[in-house]
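Let me begin by presenting the structure, written as structure tokens, before commenting on it.
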Amino acid sequence: MKAEKMEKLVAEVIEKLEKLKHTDLAADLSWCWVSFQNDQNPEGVIEKSSQALAAFKEAREKNAKAVAKKLIDDLEKALA
């Protein structure tokens with residue numbers, strides 16, 4: 001995981017998850033991000049970000065305008 005890229009993205013990802021009604025996942029990712037900032041253990045952030053990515057791809061399959069392709073691409077790059 002690229003922490004610098006993730007730092008710029010995490011708020012946008014959480015906001016989009018909430019708009020897509022994935023509030024539990026948004027809350028989990030938010031908690032994991034704060035935890036990561038404290039202990040530098042990226043495991044939870046990677047797991048929840050991967051789940052968010054899957055949710056975004058699923059939403060995009062149903063409606064191409066639901067999630068910006070750039071957000072998906074940026075998240076994939078941050079996780080790489």
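It should be emphasised that the depicted structure is a prediction, and the values quoted were computed from it without experimental measurement. FYI, side chains are in, hydrogens and waters are out, and symmetry mates aren't considered; it's all heavy atoms of this structure.
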Out of curiosity, [X] [atom1] to [Y] [atom2], how far, rounded to the nearest 0.5 Å?
| X | Y | atom1 | atom2 | value |
| --- | --- | --- | --- | --- |
| E58 | L53 | CD | CG | 12.0 Å |
| E47 | L29 | CD | CG | 11.0 Å |
| L25 | C32 | CG | SG | 9.0 Å |

Heavy-atom closest pair, residues [X] and [Y]:
| X | Y | result |
| --- | --- | --- |
| F36 | V45 | CB-CG2, 3.6 Å |
| A66 | A59 | CB-O, 3.8 Å |
| R60 | V67 | NH1-O, 2.8 Å |
| A3 | W33 | O-CH2, 4.0 Å |
| M6 | S49 | CE-OG, 2.7 Å |

- prompt: Please walk me through it: do F56 and L75 pass side-chain contact (heavy atoms from CB on, under 4.5 Å)?
  reply: CA-CA 10 Å; F56 289 167; L75 187 54; 4.1 Å; yes

- prompt: Would you find more than 12 non-hydrogen atoms of other residues, nucleotides or ligands less than 6.0 Å from E76 atom CD?
  reply: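 Yes - once you tally the heavy atoms of other residues, nucleotides and ligands closer than 6.0 Å, there are more than 12.
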
message: Check this for me: E4, atom CD, are more than 12 non-hydrogen atoms of other residues, nucleotides or ligands nearer than 6.0 Å?
response: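 No - once you tally the heavy atoms of other residues, nucleotides and ligands closer than 6.0 Å, there are 12 at most.
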
Donor-acceptor pair, [X] side chain versus [Y] backbone, under 3.5 Å?
| X | Y | answer |
| --- | --- | --- |
| N38 | V34 | yes |
| S50 | I46 | yes |
| S35 | W31 | no |

Cationic N near anionic O, under 4.0 Å, K70 to D74: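 Salt bridge between K70 and D74, a charged N being under 4.0 Å from a carboxylate O: yes.
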
message: Salt bridge check, K57 against E61: does any charged N sit closer than 4.0 Å to a carboxylate O?
response: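 Between K57 and E61 there is no salt bridge, as every charged N stays at least 4.0 Å from the carboxylate O atoms.
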
message: Please list all pairs meeting salt bridge (charged side-chain N to carboxylate O under 4.0 Å, His left out) that have one or both residues in residues 5-33, counting only residues at least two apart or in different chains.
response: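 Passing the test, one end in residues 5-33: E15-K19, D28-K48.
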
